[in-house]
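First comes the structure, then the notes that go with it.
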Amino acid sequence: MKNRLKVLRAERDWSQAELAGRLDVSRQAVNAIETGKYDPSLPLAFKIGRLFGMRIEEIFDDGETGNG
């Protein structure tokens, strides 16, 4: 699943470790999500959305719909 997590994190000048701490996950989990190796659980996706003040669909793209 494509996502904008790396861009959003970079815009805030957060390291992967900083984002991981804010989400209560490991840095490795953040890296795996950013690189598309792992799709977050729905609760984690909502947590990411709340952290960035965005809807899940604005961050994650499942390839079935446009960019909103």
Side-chain angles (χ1 to χ4, degrees):
M1 178 182 308
K2 294 182 180 179
N3 67 75
R4 300 180 52 212
L5 194 56
K6 185 174 183 175
V7 172
L8 294 170
R9 177 177 61 78
E11 287 174 351
R12 287 153 180 81
D13 201 29
W14 294 344
S15 67
Q16 285 183 342
E18 286 173 308
L19 178 57
R22 292 170 189 267
L23 295 173
D24 197 29
V25 299
S26 69
R27 185 202 58 76
Q28 290 85 351
V30 169
N31 180 266
I33 294 168
E34 285 186 354
T35 58
K37 294 177 183 169
Y38 170 77
D39 293 336
S41 65
L42 195 54
L44 179 55
F46 275 110
K47 195 171 187 178
I48 292 167
R50 283 192 301 271
L51 178 64
F52 290 106
M54 301 173 79
R55 295 184 354 241
I56 293 172
E57 298 88 346
E58 294 176 289
I59 301 172
F60 298 96
D61 180 5
D62 64 3
E64 294 198 17
T65 60
N67 290 335

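Source: prediction; values computed, not measured.
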Residue list, side-chain contact (heavy atoms from CB on, under 4.5 Å) with Lys6, at least two apart or on another chain: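 Lys6 satisfies side-chain contact (heavy atoms from CB on, under 4.5 Å) with Arg9, Glu34 only.
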Would you please test Ile33 and Val25 for side chain to side chain contact (heavy atoms under 4.5 Å, CB included) and show each step? CA-CA 11 Å; Ile33 294 168; Val25 299; 5.9 Å; no
Who passes side chain to side chain donor-acceptor pair (under 3.5 Å) against Arg27, sequence neighbours left out? Gln16
Indicate every side-chain donor-acceptor pair of residues 37-53 with a distance under 3.5 Å to a residue at least two apart or in another chain.
unit_1: Ser41; atom_1: OG; unit_2: Leu44; atom_2: N; d: 3.2
unit_1: Lys47; atom_1: NZ; unit_2: Leu23; atom_2: O; d: 3.1

Can you measure from CZ (Arg12) to CD (Glu18) and round to the nearest 0.5 angstrom? 12.5 Å
Distance in Å, Asp62 CG paired with Asn3 CG, rounded so as to fall on 0.5 Å steps: 12.0 Å
